[in-house]
Amino acid sequence: MTEVTPPATDGRRAPESPDISFEFFPPKTEEMEKSLWGTINRLAPLGPNFVSVTYGAGGSTRERTHSTIARILAETNLTPAAHLTCVNAPRGEIDDVVARYHEVGVRHIVALRGDPTTGIGTAYVAHPDGYQTSAELVASIRKRYPDMEVSVSAYPEKHPESPDFDADIDMLQAKVDAGASRAITQVFFDNDLYFRYLDRVRKRGIDIPVVPGIMPMHNFKQARGFVTRAGTTVPDWLAEKFEGLDDDPETRKLVAATVAAGQVQKLAKHGVDTFHFYTMNRADLVFAISHLLGIRPQGAQKAA
Ligand code: FAD
């Protein structure tokens, strides 16, 4: 069976239980902010390795991503990771964003190229004075801040723009050569895709952790649309499990938890010991799945 490089642990968790991280998106409204903080407070005691906050398409959430990250730093003991893309901005602007993060104490960036401003599926055009690739961004962050950890993306089904897996893994290799120390995968539902991809990556001699990105599908119909646009295959067996449940959110939730729990338990059985959860800012399913992985709350909130 494929060997998975064990992740670095931060000492907060017993070595035999899996390492987890959570992804959030920056809230748009006060109500969404309240809901996100309910989620963070519920999940924090599970002791994640880090929690990441996404960066909106085209840099649209720059300030909201920053303020969410800053609040996580101020109010919890969690380790935040800020997503950042190269889209639509000159290098100087991106460098300022990284400098601000470093100044407030952030030591982990998830560095991405980002999607074309003209929409997924159209040609990506880099800003003329911007970082031309994600690898350039990684190199710049690592050069200016050697104490900054940089994670990057990985695509078990290859990125839709990659002509083939070789080209796709060339890009991962370039990001690792530039200093990335962890890859987080795009969501996938067929574990074989992940293992086949991992085999290809390891055969290239890339040995950083390639952490599976797991998305519990709270709303199958909606999630199916956007994961498909991002290049993820939704297998027929998965669609069948949600058939007839469009108007039954309670049952959908139980099915979603069962499906995602099955996926992570199968990955764990084959030696995977690190998981990144796309939480969609909701705690319930991720909490239940973490519980099934043997993870129990441990009081990660900062003392008052
Ligand atoms: P890269 O890793 O730089 O490239 C991906 C692949 O595309 C490469 O393998 C390469 O082969 C191919 N490629 C790149 N450029 C070209 C080119 N010019 N011509 C041909 N092929 C090319 N998006 C956001 O906007 N905000 C986020 O916070 C965010 N977080 C993400 C987190 C994770 C873990 C993942 C997996 C994705 C995330 N995305 C996010 C989506 C991401 O921005 C898109 O998938 C984007 O299209 C590619 O960015 P990247 O850094 O993954 O690309």
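Just so we're clear, the structure is a prediction, and the values are computed from it rather than from any experiment. Each ligand, and each atom within it, is numbered from 1 in the order the structure gives. For this chain, numbers begin at 1 and follow the sequence in order.
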May I ask you to list the atoms of ligand 1 that are less than 4.0 angstrom from any heavy atom of [X]?
| X | answer |
| --- | --- |
| His83 | 27 (C), 28 (O), 29 (C), 30 (N), 31 (C), 32 (C) |
| Ala167 | 11 (O) |
| Ile184 | 34 (C), 36 (C) |
| Met171 | 1 (P), 2 (O), 3 (O), 4 (O), 8 (C), 9 (O), 10 (C), 14 (C) |
| Ser153 | 2 (O), 35 (C), 36 (C), 50 (P), 51 (O), 52 (O) |
| Ser162 | 6 (C), 7 (O), 8 (C), 9 (O), 10 (C), 11 (O), 12 (C) |
| Thr54 | 28 (O) |

*In a check of side chain to side chain donor-acceptor pair (under 3.5 Å) between Asn191 and each of Gln263, Lys266, Lys269, His270, which one passes?*
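For Asn191, the side chain to side chain donor-acceptor pair (under 3.5 Å) test succeeds with only one of Gln263, Lys266, Lys269, His270, which is Gln263.
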_The one among His159, Gln186, Glu161 that brings a heavy atom closest to atom 48 (C) of ligand 1_ =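 It is His159 that holds the nearest heavy atom.
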*Among Lys175, Arg113, His276, whose heavy atom sits nearest atom 18 (N) of ligand 1?*
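When every heavy atom of Lys175, Arg113, His276 is considered, Arg113 comes closest to atom 18 (N) of ligand 1.
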*Taking Ser290 as the fixed residue, which of Leu285, Leu43, Leu46 is the one that meets the side-chain contact (heavy atoms from CB on, under 4.5 Å) rule?*
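By the side-chain contact (heavy atoms from CB on, under 4.5 Å) criterion, Ser290 pairs with just one of Leu285, Leu43, Leu46: Leu46.
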Can [X] and [Y] be counted as having a side-chain donor-acceptor contact under 3.5 angstrom?
| X | Y | value |
| --- | --- | --- |
| Arg62 | Tyr55 | yes |
| Thr274 | Asp19 | no |
| Thr65 | His83 | no |

*Before accepting this row, confirm whether a basic side-chain N of the pair Lys158/Asp164 lies closer than 4.0 Å to the acidic partner's carboxylate O.*
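No.
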_Checking the N or O distance criterion of under 3.5 Å, is ligand 1 in contact with Tyr278?_
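By distance alone, the answer is no.
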Can you find a non-hydrogen atom of [X] under 4.0 Å from ligand 1?
| X | value |
| --- | --- |
| Tyr155 | yes |
| Gly114 | yes |
| Thr133 | no |
| Phe165 | no |
| Val110 | no |
| Tyr55 | yes |

In the protein, what heavy atom is nearest to [atom], and what distance, to one decimal place, separates them?
| atom | answer |
| --- | --- |
| atom 9 (O) of ligand 1 | Asp168 OD1, 3.0 Å |
| atom 38 (C) of ligand 1 | Leu112 CD2, 3.7 Å |
| atom 44 (C) of ligand 1 | Asp115 OD1, 3.3 Å |
| atom 1 (P) of ligand 1 | Ser134 OG, 3.5 Å |

*I would like to know whether Glu136 and Lys175 meet salt bridge (charged side-chain N to carboxylate O under 4.0 Å, His left out); could you show each step before the answer?*
CA-CA 8 Å; Glu136 279 191 9; Lys175 295 188 287 192; over 6 Å; no
_Using modelled atom types and a 3.5 Å cut-off, is there a donor and acceptor pairing between side-chain atoms of Arg91 and backbone atoms of Ser140?_
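Not at all, since once roles are kept as given, no pair shorter than 3.5 Å links the two residues.
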*Do the non-hydrogen side-chain atoms of Ile109 and Met148 ever get within less than 4.5 Å of each other?*
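Yes. Closest side-chain heavy atoms under 4.5 Å.
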*Considering residues at least two apart in sequence or located in another chain, which fulfil the salt bridge (Lys or Arg N to Asp or Glu O under 4.0 Å) criterion with Arg229?*
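Checked Arg229 against salt bridge (Lys or Arg N to Asp or Glu O under 4.0 Å); zero matches.
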*Who are the salt bridge (Lys or Arg N to Asp or Glu O under 4.0 Å) partners of Arg224, not counting sequence neighbours?*
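Once residues adjacent in sequence are excluded, Arg224 has no partner under the salt bridge (Lys or Arg N to Asp or Glu O under 4.0 Å) criterion.
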*Which of parallel (below 30°), tilted (30 to 60°) and perpendicular (above 60°) describes Phe22 and Phe24?*
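Taking Phe24 first and then Phe22, their aromatic rings sit tilted (interplane angle of 30° to 60°).
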*asked:* For Phe165 and Tyr197, take the angle between the two ring planes, folded into 0 to 90°, and tell me which bin it lands in: parallel under 30, tilted 30 to 60, perpendicular over 60.
replied: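 Because their plane-to-plane angle lies in the 30° to 60° range, the rings of Phe165 and Tyr197 count as tilted.
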*For ligand 1, is any non-hydrogen atom under 4.0 Å from Thr85's backbone (N, CA, C, O), its side chain (CB onward), both, or neither?*
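Only the side chain of Thr85 comes within reach of ligand 1.
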